[in-house]
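What follows is one structure encoded as structure tokens, with my remarks underneath.
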Amino acid sequence: MTGLALNCTINKKSLFDRKHYFYADLPAGYQITQQRLPIAVNGNLTYRQQVGTKWNQMVTKNARIKQLQLEQDSGKSLHDDARRQTLIDLNRAEGQMRVDANVSIHRPGEPFGVRTEVKNLNSARFLAKAIDYEIMRQCEILDTGGTILNETRAFDYKLGTTIPMRDKEGKQDYRFMPEPNLPPLILYDSESLPTKIDRDQIINIDSIRKRLPVLPSVIRERLVEQFGILPEHSFILVNEDGLQEYFETIVTMTSVDPKKIIGWLINDLLGHLRQQNLTVKQSPVSAVSLAELLMLLENESISSSAAKQVFQELCKGGKNNPAEIVKENNLGLLKDKKELEEICDGILKLHQKQVDEIRQGNHKIMNKLIGLVQKSTKGRADPVLVKKILEEKVLS
């Protein structure tokens, strides 16, 4: 399934081999692996990478996947520095992610440099930190005339550095040989299924393909095509656990432009959640509540500034829905033109200097006057109507 997800060619016949080497975490003296003919080969993973400080500064890249192989897991060394001893854990049925990162540096146009291998990284965050540190370490060594050793290193997550484990000088002869106790692994597709064998006893590649979940790249493409959102926004929706479902719930409940919904999710919802160290599923503001709020804004029942106030109340986790919060706090949109004209007159009398500057051509100051009206009405005034009234009074 992983091979299919990575666009690999699945070999219907793959072989097992013994890789011989001595180390304390491998009591048998060899490891069962797939060196000659692995289960999956020649895949690729397309992804987008942010290259600037803004989300729209993205480039598409493609990582080639050489192979996926089935391999026996060796033991885990547990180093006890206090007692100066190492314990070996041979129970490897833990299901943890572990990555070995090979890092080398070279100048453009020159041959590849000597590589080091950072072993047993157990998270994407530590993987990134280890690679960044190793690049910096190797650059400093070469800049001072030193030599990079071909060695295995470990990452100390507390110090944020890599430390040497053992050197690899001199190519090791692993004495690969066919594994005598395991027959070839034979897979089938729908066209090659044997007729006289119990279907439950064989592996059908096409059957596994049908069980693949919808992959992130497919979901992102659908979001962009269906809702007209930017590709970079589709990454946020898919990468934040639960946010895609949250977004689509609001879309189905409202007639609001999906781009406006995205703005609220990224700027307001995620901003609050990250500030409080919460996940989307822990959000005090449900998708239903935010949908109701956005419809009040869409129907011009409240102003945008009042909507922000309602959102802040929802973030407190109370029982009131958006409409009840609007009523309780008297946040309904103020549309009475006569009442707004009186408020605008009061603002203009107090700010005659700004009025004179606008009449002399500095129209940017008009936004300040609109803001003052909004402040005096606690964000309830219709900004479009306020702008129209002020322009009539100042520029006519």
Any luck finding a side-chain donor-acceptor pair between [X] and [Y] under 3.5 Å?
X	Y	answer
T116	Q138	yes
N120	R98	yes
R115	S104	no
Q34	D17	no
S255	E298	no

Note: E117-R153 ion pair, threshold 4.0 Å (strictly below):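 Result for this pair is no, no salt bridge flagged.
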Side chain to side chain contact (heavy atoms under 4.5 Å, CB included) partners for K308, two or more places apart: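 Testing K308 for side chain to side chain contact (heavy atoms under 4.5 Å, CB included), a comparison that skips the adjacent residues, returns W264, D268.
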Sequence neighbours excluded, every pair satisfying salt bridge (charged side-chain N to carboxylate O under 4.0 Å, His left out) that has a member inside residues 208-217: D206-R209
Aromatic ring pairing F155/F126, orientation class (parallel under 30°, perpendicular over 60°, tilted between):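 Taking F126 first and then F155, their aromatic rings sit tilted (interplane angle of 30° to 60°).
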Plane angle bin for F311 and H272 - parallel if under 30°, tilted between 30 and 60°, otherwise perpendicular: perpendicular
More than 12 heavy atoms of other groups within 6.0 Å of N62 CG: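 Enclosed: over 12 neighbouring heavy atoms sit under 6.0 Å from CG of N62.
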Aromatic centroids of Y174 and H20 separated by under 6.0 Å: no
Check: Y23 side chain, S74 main-chain N or O, donor-acceptor pair, under 3.5 Å: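 Flag not set: sc Y23 to bb S74 has no pair under 3.5 Å.
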